[in-house]
J.: 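First the structure, which I've put down as structure tokens, then a few questions once you've had a look.
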Amino acid sequence: MYSMKSKEIRRSRFLLKTDIKFDIHDIRRYQAVDIADELTLINQSLLLLITPVELFNFAFLSNEKKFLAPNITTMLEFYDRTVALFAAQILRQRTDKIRASIIIHLFSVVQHLYIKNHDIHSIRIILATFDHPSIFRLRNTWRIFRIQKPKFYTALKYLWNVLGQKNNWEDYHLWLEQKFIKDCLNKKQPMLLFIGYLLSKMIIDHYRYYTISSHSKTSTSSRVHMTLIDYVKSSPKNYQ
């Protein structure tokens, strides 16, 4: 677990080294690695609160999901709030150059989330921010980003391609299951998968097993919900 004291020391060193005066609410006040670690720890703790009863009969899709699946709803709402927060950080800046610097800082967070934390869920939050209509249309901002950080831009295009909706998410699922998950398992590294992927996989498993006549409704129901339940149980309690 990361201590607040060590983060404050790193933050002080960062501000002294950069010698830049930031607004108190400016996300650039915080090092990218600290933002990445906080996102991972918060989303991990939210994931571990999910209980099996929230998955029965796909309660998280019902009109009463806040009552029947409170922890799943909380995790999804935190996702939406964080996207809105990051988007506001970009849009509140007065110039394209400063907006581009915010995007550069956020992509530095993505690097730490991918390389260090293996956290796809939090990466999806930042990519959703970049995909926000109000952000995506900032052509001059993106031009500055591409010129200043060409390697970042290339890496971002790669992530957009593999995590995109092309072929009904088929390329995304293939990359995730054949590359990312296998690599993490082979290296015995903890990982945090996107909650949307886990829930959609559970729904796909449900209809796949539902069509097998040899399975009773009871066995089908119990098998359906193991995708997310097993993943939550296997998730490390703390990121080191």
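Since the structure is predicted, the reported quantities are computational estimates derived from the model, not experimental observations.
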J.: Does one hydrophobic cluster hold both F136 and I147, with members joined at side-chain heavy-atom distances below 4.5 Å?
T.: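 In one cluster with F136: I147, no.
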J.: Where do I98 and R28 land on the side chain to side chain contact (heavy atoms under 4.5 Å, CB included) test, with the steps shown first?
T.: CA-CA 10 Å; I98 300 177; R28 293 172 298 171; 3.7 Å; yes
J.: Find out if a path of hydrophobic residues (ILVMFWY) with successive side-chain heavy-atom gaps under 4.5 Å connects I42 to I125.
T.: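 Linked within one cluster.
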J.: Do R29 and D26 meet the salt-bridge criterion of a basic N to acidic O distance under 4.0 Å?
T.: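 Salt bridge between D26 and R29, a charged N being under 4.0 Å from a carboxylate O: no.
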J.: Does Y158 share a hydrophobic cluster with I115, counting links as ILVMFWY side-chain heavy atoms below 4.5 Å and allowing steps through other members?
T.: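 Yes; tracing contacts between hydrophobic side chains, which count when under 4.5 Å, links both residues.
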J.: With a 3.5 Å distance limit and no angle check, can you tell me whether S62 reaches the backbone of F58 through a side-chain donor-acceptor pair?
T.: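 The answer is no, because no donor-acceptor pair under 3.5 Å joins these two groups.
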J.: In plain terms, say whether D183 and K179 are close enough for a salt bridge, that is, a side-chain N and a carboxylate O under 4.0 Å apart.
T.: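 Result for this pair is yes, salt bridge flagged.
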J.: Measuring from L159:CG to R124:CZ, what's the distance to the nearest 0.5 Å?
T.: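 Rounded to the nearest 0.5 Å, the CG-CZ separation comes to 10.5 Å.
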J.: I'd like to know if L156 and V110 are part of one continuous hydrophobic network [Ile/Leu/Val/Met/Phe/Trp/Tyr, side-chain heavy atoms within less than 4.5 Å].
T.: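 Same hydrophobic cluster.
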J.: So, for I144 and A100, which heavy atoms are closest and what is the spacing to 0.1 Å?
T.: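 The pair with the smallest heavy-atom distance is CG2-CB, 3.7 Å.
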J.: Is the distance from the ring center of Y79 to that of H121 below 6.0 Å?
T.: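 Judged by ring-centre distance (under 6.0 Å), Y79 and H121 do meet the cut-off.
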J.: Is the backbone of D119 close enough, under 3.5 Å, to the side chain of S122 for a donor and an acceptor to pair up by distance?
T.: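 Checked: no pair found.
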J.: Over all heavy atoms of both residues, which pair between A59 and A69 is shortest? Give the atoms and the distance, please.
T.: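 Nearest heavy atoms, A59 then A69: C-CB, 4.3 Å.
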J.: Only one of F107, F86, W142 clears ring pair (Phe, Tyr, Trp, His ring centres under 6.0 Å) with F130; which?
T.: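 With F130 as partner, ring pair (Phe, Tyr, Trp, His ring centres under 6.0 Å) holds for just one option, W142.
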J.: Should we count CG of N63 as having more than 12 external heavy atoms under 6.0 Å?
T.: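 Result for CG/N63: open.
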J.: Nearest 0.5 Å please: distance from the CG atom of L193 over to the SG atom of C184.
T.: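 These two atoms lie 8.0 Å from each other.
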J.: If we count only N and O atoms by modelled type, under 3.5 Å, do the side chains of E177 and Y172 hold a donor and an acceptor together?
T.: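 No donor-acceptor contact under 3.5 Å links the two side chains.
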J.: Report yes if some heavy atom in the side chain of K65 is under 4.5 Å from a heavy atom in the side chain of L68; otherwise report no.
T.: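 No, their side chains stay 4.5 Å or more apart.
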J.: Verify salt bridge (Lys or Arg N to Asp or Glu O under 4.0 Å) between D37 and K116, making sure each step is shown before the conclusion.
T.: CA-CA 9 Å; D37 290 344; K116 178 174 174 284; 2.8 Å; yes
J.: Is any side-chain heavy atom of N161 closer than 4.5 Å to a side-chain heavy atom of D171?
T.: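 The answer is no; the side chains never approach within 4.5 Å.
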J.: Go through the steps to decide whether V109 and I126 satisfy the test side chain to side chain contact (heavy atoms under 4.5 Å, CB included), and finish with yes or no.
T.: CA-CA 9 Å; V109 176; I126 297 178; 3.6 Å; yes
J.: To check you understand the geometry: which heavy-atom pair defines the closest contact between R99 and L91, and what is its length?
T.: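 Nearest pair, atom of R99 first, then L91: NE-O, 4.2 Å.
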J.: Please examine the side chains of L192 and I120, heavy atoms only from C-beta on, and report whether any two atoms are closer than 4.5 Å.
T.: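 Sidechains of L192 and I120: no contact.
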J.: Could you tell me whether E77 and K66 make a salt bridge, using a distance below 4.0 angstrom between a side-chain N and a carboxylate O?
T.: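 Yes, E77 and K66 are salt-bridged.
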J.: Is it true that a side-chain atom of N140 and a backbone atom of D96 form a donor plus acceptor pair closer than 3.5 Å?
T.: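 Absent.
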J.: Quick one, L176 with V162, criterion side chain to side chain contact (heavy atoms under 4.5 Å, CB included). Give me CA distance, side-chain angles, the key distance, then yes/no.
T.: CA-CA 8 Å; L176 195 65; V162 298; over 6 Å; no
J.: Which heavy atom of M191 sits nearest to which heavy atom of I181, and what is that distance?
T.: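 Distance-wise, the nearest heavy atoms are CE-CG2, 3.8 Å.
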J.: Distance from I35 atom CD1 to T40 atom OG1, nearest 0.5 Å?
T.: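 If I round to the nearest 0.5 Å, the distance is 11.5 Å.
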J.: Starting from V83, can I reach L106 by hopping between I/L/V/M/F/W/Y residues whose side chains sit under 4.5 Å apart?
T.: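 As far as the 4.5 Å side-chain criterion goes, V83 and L106 are connected within one cluster.
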J.: Parallel, tilted or perpendicular, judged at 30° and 60°: which one describes the rings of Y197 and H173?
T.: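 Because their plane-to-plane angle is over 60°, the rings of Y197 and H173 count as perpendicular.
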J.: Mind checking the CG-CD1 spacing from L113 to I123? Nearest 0.5 Å is all I need.
T.: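 Output value for this atom pair is 5.5 Å.
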J.: Short question: side chain of Q89, backbone of I27 - any donor-acceptor pair under 3.5 Å?
T.: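 Yes.
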J.: Rounded to the nearest 0.5 Å, what separates atom CZ in R143 from atom CG in L138?
T.: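 Taking CZ in R143 and CG in L138, the distance rounds to 12.5 Å.
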J.: Can you measure from CD1 (I50) to CG (L55) and round to the nearest 0.5 angstrom?
T.: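 Rounded to the nearest 0.5 Å, the CD1-CG separation comes to 7.0 Å.
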J.: Taking all heavy atoms of A36 and all of H112, pick out the closest pair and write down the distance.
T.: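 Here A36 and H112 meet closest at CB-CB, 3.7 Å.
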J.: Does a side-chain heavy-atom distance below 4.5 Å link Y114 with F180?
T.: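 With C-beta onward as the side chain, the pair touches.
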J.: For residues D131 and W160, is any side-chain donor paired with an opposing acceptor at under 3.5 Å?
T.: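 Note: D131 and W160 side chains meet the donor-acceptor criterion.
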J.: Are side-chain N/O atoms of T51 and E54 paired as donor and acceptor at under 3.5 Å?
T.: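 Per modelled atom types, T51 and E54 side chains form a pair under 3.5 Å.
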J.: Compare all side-chain heavy atoms of L199 with those of I72 and state whether any distance is below 4.5 angstrom.
T.: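 Counting from C-beta outward, L199 and I72 do come under 4.5 Å.
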J.: Between the main-chain N or O of Y30 and the side-chain N or O of D34, is there a donor-acceptor pair closer than 3.5 Å?
T.: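 Answer holds: no.
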J.: Mind checking whether F145 and F152 have parallel, tilted or perpendicular rings, split at 30° and 60°?
T.: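 Ring orientation, 0 to 90° scale: tilted.
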